[in-house]
Engineer: 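This structure is in C-alpha cells; I'll ask about it shortly.
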Amino acid sequence: MKNLLRLPPLSSTRPTNLTVFPVISTFFATSATAVTEPEPPVDKEDFPSSPIIQEKDLLRKSFKFQSGLHVLDLIDAGSLEPTAAIYTQLLKKCTQLKRLNEGRLVHAHFLTSRFKDDLFFHNSIINLYSKCGSLEDARNAFDEMRVKDMVTWTALITGYSQNDRPKEALTLFPRMLRLGLKPNGFTFASLLKACGAATPGDESCEQIHAACIKYGCQSDVYVGSSLLDMYARHGKMDEACLVFDRLDSKNEVSWNALIAGYARKENGEIALKQFWEMQRSGFEATHFTYSSVFSACASIGALEQGKWVHAHMIKSGQKLTAFVGNTLLDMYAKSGSIKDARKVFERLDKRDIVSWNSMLTGCAQHGHGKETVCLFEEMRRLGVQPNHITFLCVLTACSHGGLVSEGRHYFELMKKYKLEPEVEHFVTIVDLLGRAGLLDQALEFINDMPIQPTAAVWGALLGACRMHKNAELGKFAAERVFELDPHDAGPHVLLYNIYASAGRWDDAAKVRRMMKESGVKKEPACSWVEIENLVHMFVANDDSHPQIKEIHRMWEKIDGKIKEAGYVPDTNHVLLYVDDQEREAKLQYHSEKVALAFALLNMPPGATIRIMKNIRMCGDCHSAIKHVSKVMGREIVVRDTNRFHHFSGGSCSCGDYW
DNA sequence: ATAGGGTTAG
C-alpha cells in the first residue's frame, strides 16, 4: 500500500476478505444514538438478590471510614436528596482511585435508587470495572444493560483494549455497527490500539483504517497517533510514516509513537534522527520520548549521542523517574559505560524491579560476575521481590563468571521465591555447566529436565562443545538442534568450527553442504563504531567505505606489529575457505578488525575505542584485539551479542571465558 | 460517561 488516501471507500467497493468486520459496509443509513435491545428472558425477581446486593453490607463495613461511602450513608439516613449526578460523581472518584469494592457498593446502592436506568451512570460503571481491571464485571454490567449507546460500546471496547484483550475489543466493533451505532474518535482510538496489539492474522489494519476514513475520524489527533502506532507495531514503518506526514496537526504523542516505532524496529539511527527533528519542529520531549530515544541509543550503542540526549533532558528540567532512568541506565550499560550506568542507578529515587534487573544485566554483560551476585544479595536484603528475569540475569552472570556452585544455588533459590524455572533458566544452567567444562553434567541435566528441551537448550550444549572441542557430543547436540530448529545458521557454524578445529575437514565440508542444500544462511557479520556522532558500519569483506584503502593499510601495519608481539592467526574460525593462505586473508577483513583499524585512524590518541558487533566475536579477532590493546596501548571495548569485552594491556575482561 | 505514545532477559 503506497498511498493511504487511496483506500477504496467500503460502501462503494466491498472488499472480499472482510473477516473481522463482515458487515462494515452495510451500516451507514442509520445514525442511532441509543439502541434498546429486546428484553432479555430473565426473571426480574432475580435482580435484587444478585451477588452485588448480597455483598453490600459486608463491603459497607470494611469501607465505613472511607469518604465516598459517607455520602451513601447520608442518602440512607434521608439527610441527602440523591440525584443521578451524585452517583456518577461518586463513581468517578472510585474510578480515579481504583477503588473497586467501593465502586461496587455505589453500583449496588444506585440500583436501588429511582435513577437506576440512567444511561450515563451505567456507562460509568463499565468504565469503573474496566479501569480496575475487572473485565468480567464490566462485561456483566454491559450485558445487563438493555439500553446502550455508542459510549456504552466504546467503553467496553476501551476496557478490552486497555486490558490487553485485543481480540475481544475487535469482535465488538462489527456488532456495534450492526446496531446502527456510529463510532467516533474515541471508539477508533481504542480499536486501533487493539489492532496494534493483535497478533498478525487477528487484526486487519487496512480495514480499520478504511473505517476511520469512512466515519470521518482520520483527522482526529488521537486517531492519527493510534493509527500510526498500529502500523508501527506491525512493523509497517513506511505506512506509519505516511500517516504521520499526513497528520493535520501533530503533537508530542504522534512524535513519540513514531520514534518508539523506529526504536522498536531496531532502527536506532532513524529514531535518533526523528528525535532531533522533533526538537527542531518545536515539540517538547516527554518521558515517553526520552525512554524511546535512550533505548534506541542502547540498541546501537551510541554512547556519545546518548550523552547528548541525556544532557538535553537535564537542561529541559525533566525529573529522573524510574521509567526513564531505567532506559538511561540501560543505555549507558549497553554502550559500554558501566560506571555511568551505576551512577544513574545510585541516583534513582525509586528503583523498581526493572531498575534492578537492568543493573544486574549490565553487570553480568560486563563480566562482573561477583559484583552481580553482590548486587542481587543486596536486593534480597532490601526485600525486593525478584522475578524470572532477575534470575535469568543472575544465572547468566554466574555462567559468564564461571561461578558454578553459585549458579546452582541460585537456580534452587527460585523455588523459595515461588518462581517456576522456565526453559530459558534451563538454558542458562546448561551454559553454566558447559562453559565450565562439565559437559557430562550438562547432558545429564538436560536429560533430567521436567520440560521438553528446546533448540536453545541443545544449542547451549553445542556451544560448550565448541569451546571444549568435544566433537562427538557436539555432533549429538547439533543433531538435536537441527531437528528442532533446522533454519538457524548459528548451530551449523558451530558444528563446522568444531570439525574444523579438529582438522576433520571432510565432516566440516558435509556441514557446509548441508547448509547449502537446506538454504540456511549465515547472517552477514557486521561491526559498527561511533565517531563524532556518526555511526560507521562495516560488513565483512565490504569495500564500499570511502576510506577503505587507508583502513586496509592500517590493518596491515597493525597485523605486522601484533605478529611480532606473538599473535598467531587462528584460521579455524573461518567458514568455507580451503587453503590456509586464503583463510588468513579473509580473516584480516573480519568486520571488527576493519572497524578497529578505522577507529584507530580516526579517533584521537588515548581515547577508548568502542566497537559493536551483531554476532558473537570470533576467537581470532579476540586474540588479535588483545594484542592490539597492548601494542597500541589502547582501551578497546567490544560489545557482541552476548556481552562486553574490555581489552586493555593485552588481556580481556572476559578472561578468555566467553 | 468513552481515547493515543515508553523500560529489563534470551
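Residue numbers begin at 1 in each chain, while the letters A, B, ... track the order of the sequences.
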Engineer: Remember a base hit wins even if backbone is also touched, and classify Thr396(A) as base, sugar-phosphate or nothing at under 4.0 Å, heavy atoms.
Structural biologist: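 Answer is sugar-phosphate: Thr396(A) comes under 4.0 Å of backbone atoms only.
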Engineer: Counting side-chain heavy atoms from C-beta on, which of dT7(B), dA3(B), dG6(B) comes nearest to Phe186(A)?
Structural biologist: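 The answer is dA3(B).
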Engineer: Considering only dG6(B), dT2(B), dT8(B), which nucleotide approaches the side chain of Arg264(A) most closely?
Structural biologist: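 Between dG6(B), dT2(B), dT8(B), the one nearest the side chain of Arg264(A) would be dG6(B).
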Engineer: Nearest to the Asn184(A) side chain among dT8(B), dT2(B), dA3(B), which nucleotide is it?
Structural biologist: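 Looking only at side-chain atoms, Asn184(A) lies closest to dT2(B).
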Engineer: For the residue pair Ser225(A) and Ser254(A), confirm or rule out a side-chain donor-acceptor distance under 3.5 Å.
Structural biologist: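 Note: Ser225(A) and Ser254(A) side chains miss the donor-acceptor criterion.
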Engineer: Look at all strands and tell whether Asp220(A) reaches a base, only sugar-phosphate, or nothing, counting heavy atoms closer than 4.0 Å.
Structural biologist: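 Here Asp220(A) touches the bases of the nucleic acid.
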Engineer: Grab the two heavy atoms, one from Ala257(A) and one from Asp229(A), that are nearest each other, plus how far apart they are.
Structural biologist: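 So the two residues come closest at CB-CB, 4.2 Å.
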Engineer: Quick one: label Val221(A) by what it contacts on the DNA or RNA (base, sugar-phosphate, nothing), any heavy atom closer than 4.0 Å.
Structural biologist: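 Answer is base: heavy atoms of Val221(A) come under 4.0 Å of a base.
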Engineer: From C-beta outward on Ser226(A), which listed nucleotide comes closest to its side chain: dA9(B), dT2(B), dG4(B)?
Structural biologist: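 Among dA9(B), dT2(B), dG4(B), the one nearest the side chain of Ser226(A) is dG4(B).
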Engineer: Kindly point out which of dG6(B), dT2(B), dA3(B) is positioned nearest to the side chain of Ala260(A)?
Structural biologist: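 Closest of the options to the side chain of Ala260(A): dG6(B).
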Engineer: What is the separation between atom NZ on Lys93(A) and atom P on dA1(B), rounded to the nearest whole Å?
Structural biologist: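 Between P of dA1(B) and NZ of Lys93(A): 14 Å.
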Engineer: Which nucleotide wins on minimum distance to the side chain of Val354(A), given the candidates dG4(B), dT8(B), dG6(B)?
Structural biologist: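 Nearest nucleotide to the side chain: dT8(B).
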Engineer: Do Asn642(A) side-chain and dG10(B) base share a donor-acceptor contact under 3.5 Å?
Structural biologist: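 Side chain to base: no pair below 3.5 Å.
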Engineer: What residues from residues 119-127 of chain A pass a heavy-atom cutoff of under 4.0 Å to DNA chain B?
Structural biologist: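 Listed by number, they are Phe120(A), Asn123(A), Ser124(A), Asn127(A).
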Engineer: Please determine, for the side chain of Arg233(A), which listed nucleotide (dT7(B), dA9(B), dG6(B)) has the closest atom?
Structural biologist: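 Nearest listed nucleotide: dG6(B).
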Engineer: With Lys148(A) as the cation and Phe142(A) as the aromatic partner, state whether NZ or CZ is under 6.0 Å from the six-membered ring centre and within 45° of the axis.
Structural biologist: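 Verdict for Phe142(A): a cation-pi partner in Lys148(A).
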Engineer: Measure from the side-chain heavy atoms of Lys92(A) and tell me the nearest of dA1(B), dG6(B), dA3(B).
Structural biologist: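 Of the options given, the side chain of Lys92(A) lies nearest dA1(B).
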Engineer: Of all the choices, dT7(B), dA9(B), dA3(B), which nucleotide is nearest to the side chain of Thr327(A) once you look at every atom?
Structural biologist: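 Among dT7(B), dA9(B), dA3(B), the one nearest the side chain of Thr327(A) is dT7(B).
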Engineer: Which whole-number value in Å describes the distance from Trp356(A) CH2 to dT8(B) P?
Structural biologist: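 Between P of dT8(B) and CH2 of Trp356(A): 19 Å.
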Engineer: Have a look at Ser225(A) and say if it touches a base, only the backbone sugar-phosphate, or nothing, with a 4.0 Å heavy-atom cut-off.
Structural biologist: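 Answer is base: heavy atoms of Ser225(A) come under 4.0 Å of a base.
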Engineer: Taking only residues two or more places apart in sequence or in another chain, which ones pass salt bridge (Lys or Arg N to Asp or Glu O under 4.0 Å) with Asp330(A)?
Structural biologist: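 With sequence neighbours excluded, Asp330(A) shows a salt bridge (Lys or Arg N to Asp or Glu O under 4.0 Å) to Lys334(A), given in chain and number order.
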Engineer: Give a yes/no verdict on a cation-pi contact between Arg175(A) and Trp153(A), requiring under 6.0 Å between NZ or CZ and the six-membered ring centre and an angle within 45° of the axis.
Structural biologist: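 No, Arg175(A) does not sit over the ring of Trp153(A).
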Engineer: Is the number of heavy atoms from other residues, nucleotides or ligands under 6.0 Å of Glu277(A) CD greater than 12?
Structural biologist: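 Count over threshold, so yes.
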Engineer: Between dA9(B), dA3(B), dG6(B), which nucleotide gets closest to the side-chain atoms of Ser292(A)?
Structural biologist: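 So the nucleotide nearest the side chain must be dG6(B).
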Engineer: Assert yes or no for the condition that the ring centre distance of Phe244(A) to Trp255(A) is strictly below 6.0 Å.
Structural biologist: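 Yes, they do, as the ring centres are separated by less than 6.0 Å.
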Engineer: Mind checking what makes side chain to side chain donor-acceptor pair (under 3.5 Å) contact with Glu266(A), not counting sequence neighbours?
Structural biologist: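 Counting only residues at least two positions away or on another chain, Glu266(A) forms no side chain to side chain donor-acceptor pair (under 3.5 Å).
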Engineer: How is Val324(A) classified with respect to the nucleic acid when contacts are heavy atoms under 4.0 Å: base, sugar-phosphate, or nothing?
Structural biologist: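 Here Val324(A) touches the bases of the nucleic acid.
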